[in-house]
Amino acid sequence: MSAKHPTRRSPKKTLRRGRKPKEGRPQEILAAAFEEFAAHGYAASRLEDVAQRGGIAKGTIYLYFKDKEGLFRAVVRSMIRPVFDQLIPFVENFSGSAEALLCELQARHYAHVVRNAKARAILRLLIAEGGKFPQLSDIFYREIIEPGVTALRQVLEKGEASGEFRKTKVKDFPQILVAPGVLAVMWNLILGARYRLDLDSYMSAHREFVLHSLKKQVNSLPSSDRRTKGGNHS
């Protein structure tokens, strides 16, 4: 007669029986997962490697995350999503001008995305593996791109309503407003080690370019040209 082996309890059942997860453990798992994804990519990363990197048992990960895709989604959220969670309320409640609001959003974009090494690492991973794993691109679009585009469109509508901005087709594609910032990220990923950008000056040029294209051009002609156009030949 063979000896009976105890049935292995699933982590979820253990959790339901009153065993509380360790406080702070999800953050430790996310940190280890980010390092693993950044080092080896999504396809090559395994949950057992994440567990080893974090100094925990693999089963512990399942207490907090359903699978590798769920873990990746949580990593994306933890990197830059907190900024985007507050984006729409911030835009809706902003009491200043549309220009000031747009400048504030640009500053946040540079602080939390362009200058954020972890955000750049996630973007590099998406570029490398988004084609093979479209669900990763879907996660990034829902969590980051969609709320960002919505907020930028609201800024353009605010500027048009106040008379600060002229009506343009940019409202149909508001991601154009952050395109130079995306270029800066790509530049840093590909060329940054040898040809670094002066991001302060670059951001200033980006802001000047965007505002010049959006603001209504009052008295855009030089004074001599205005006199000629107006027929003043005295």
Side-chain angles (χ1 to χ4, degrees), residues 27 30-31 33-39 41-42 71-94 96 98-131 133-156 158-159 170-171 173-211 213-214:
Q27 287 70 34
L30 290 174
F34 167 77
E35 292 176 4
E36 191 65 27
F37 288 138
Y42 181 81
L71 181 57
F72 179 80
R73 180 184 294 110
V75 168
V76 171
R77 284 176 172 168
S78 70
M79 292 298 102
I80 45 182
R81 179 60 196 266
V83 179
F84 287 83
D85 278 340
Q86 302 301 320
L87 193 57
I88 302 300
F90 174 77
V91 169
E92 291 177 344
N93 296 320
F94 190 83
E99 178 179 343
L101 176 56
L102 187 57
C103 290
E104 174 62 25
L105 294 185
Q106 185 204 47
R108 293 184 177 207
H109 179 235
Y110 273 77
H112 298 290
V113 179
V114 179
R115 297 179 186 271
N116 186 334
K118 290 185 175 181
R120 292 200 303 270
I122 293 295
L123 288 171
R124 183 175 62 239
L125 187 153
L126 287 168
I127 292 167
E129 304 198 52
F133 301 97
Q135 67 271 28
L136 303 186
S137 299
D138 291 341
I139 291 169
F140 191 76
Y141 183 84
R142 289 194 305 268
E143 301 289 340
I144 307 299
I145 302 298
E146 199 166 39
V149 167
T150 298
L152 288 171
R153 185 172 286 119
Q154 288 181 336
V155 176
L156 293 174
K158 175 184 175 74
V170 175
K171 193 165 61 175
F173 305 98
Q175 53 267 50
I176 290 174
L177 298 178
V178 296
V182 176
L183 174 60
V185 172
M186 298 300 298
W187 182 284
N188 283 328
L189 287 175
I190 299 170
L191 302 169
R194 291 174 60 84
Y195 305 99
R196 295 192 177 277
L197 286 176
D198 178 349
L199 283 178
D200 289 332
S201 297
Y202 184 92
M203 184 176 74
S204 179
H206 176 183
R207 178 175 300 173
E208 179 182 320
F209 174 76
V210 167
L211 291 177
S213 68
L214 291 177

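Count residues from 1 along the sequence.
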Legend entry - Closest non-hydrogen atom pair between Leu30 and Ser78, with its separation: CD1-CB, 3.9 Å
Legend entry - Taking every non-hydrogen atom, the tightest pair across Gly159 and Ala98: CA-CB, 3.4 Å
Legend entry - Ser201 side chain vs Asp198 backbone, donor-acceptor pair below 3.5 Å: no
Legend entry - Point-to-point distance, once rounded to the nearest 0.5 Å, from CZ of Arg124 to CD1 of Ile122: 9.5 Å
Inset, instruction - Starting at CG of Asn93, measure out to CG of Leu101 and round the result to the nearest 0.5 Å. - result: 11.0 Å
Inset, instruction - Verify, without hydrogens or angle tests, whether His206 (side chain) and Leu177 (backbone) share a donor-acceptor contact under 3.5 angstrom. - result: yes
Legend entry - Check against side-chain contact (heavy atoms from CB on, under 4.5 Å), Val76 and Leu136: CA-CA 10 Å; Val76 171; Leu136 303 186; over 6 Å; no
Inset, instruction - Would you sort out whether Lys118 and Glu35 count as a side-chain contact (heavy atoms from CB on, under 4.5 Å), showing the intermediate values? - result: CA-CA 9 Å; Lys118 290 185 175 181; Glu35 292 176 4; over 6 Å; no
Inset, instruction - Establish, yes or no, whether the cationic atom of Arg207 lies under 6.0 Å from the six-membered ring centre of Tyr110 and within 45° of the ring axis. - result: no
Legend entry - Parallel, tilted or perpendicular: rings of Phe72 and Tyr42 (30°, 60°): perpendicular
Legend entry - Asp200 and Arg115 ion-paired at < 4.0 Å: yes
Legend entry - Intermediate values then yes/no, side-chain contact (heavy atoms from CB on, under 4.5 Å), Leu199 and Asn188: CA-CA 10 Å; Leu199 283 178; Asn188 283 328; 4.2 Å; yes
Inset, instruction - Look only at the side chain of Arg120 and the backbone of Val114, and say whether a donor-acceptor pair between them is shorter than 3.5 Å. - result: yes
Legend entry - Test item: Trp187 side-chain N/O and Tyr195 main-chain N/O as donor-acceptor pair under 3.5 Å: yes
Inset, instruction - Only counting residues at least two apart or in another chain, list the ones meeting ring-ring contact (aromatic ring centres under 6.0 Å, His included) with Tyr141. - result: none
Inset, instruction - Supply the atom-to-atom distance Leu123 CG to Asn116 CG, rounded to the nearest 0.5 angstrom. - result: 9.5 Å
Inset, instruction - To the nearest 0.5 angstrom, please state how far the CG atom of Leu183 sits from the CE atom of Met186. - result: 8.5 Å
Inset, instruction - To the nearest 0.5 angstrom, please state how far the NZ atom of Lys158 sits from the CG atom of Leu102. - result: 11.5 Å
Inset, instruction - Show your reasoning for whether side-chain contact (heavy atoms from CB on, under 4.5 Å) applies to Ile176 and Leu152. - result: CA-CA 10 Å; Ile176 290 174; Leu152 288 171; over 6 Å; no
Inset, instruction - Report yes if the side chains of Phe94 and Val155 come closer than 4.5 Å at any heavy-atom pair, otherwise no. - result: no
Legend entry - pair Gln106-Val210: side-chain heavy atoms closer than 4.5 Å: no
Inset, instruction - Can you measure from CG (Leu87) to NE2 (His112) and round to the nearest 0.5 angstrom? - result: 10.0 Å
Inset, instruction - Kindly indicate whether the side chain of Leu156, heavy atoms from C-beta on, has any atom under 4.5 Å from the side chain of Pro174. - result: yes
Legend entry - Shortest non-hydrogen separation from Phe37 to Leu125 and the atoms involved: O-CD1, 3.4 Å
Legend entry - Distance-minimising heavy-atom pair for Pro180 and Tyr202: O-OH, 2.7 Å
Legend entry - Residue pair Pro147 / Ile88: nearest heavy atoms and the distance that separates them: O-CD1, 3.7 Å
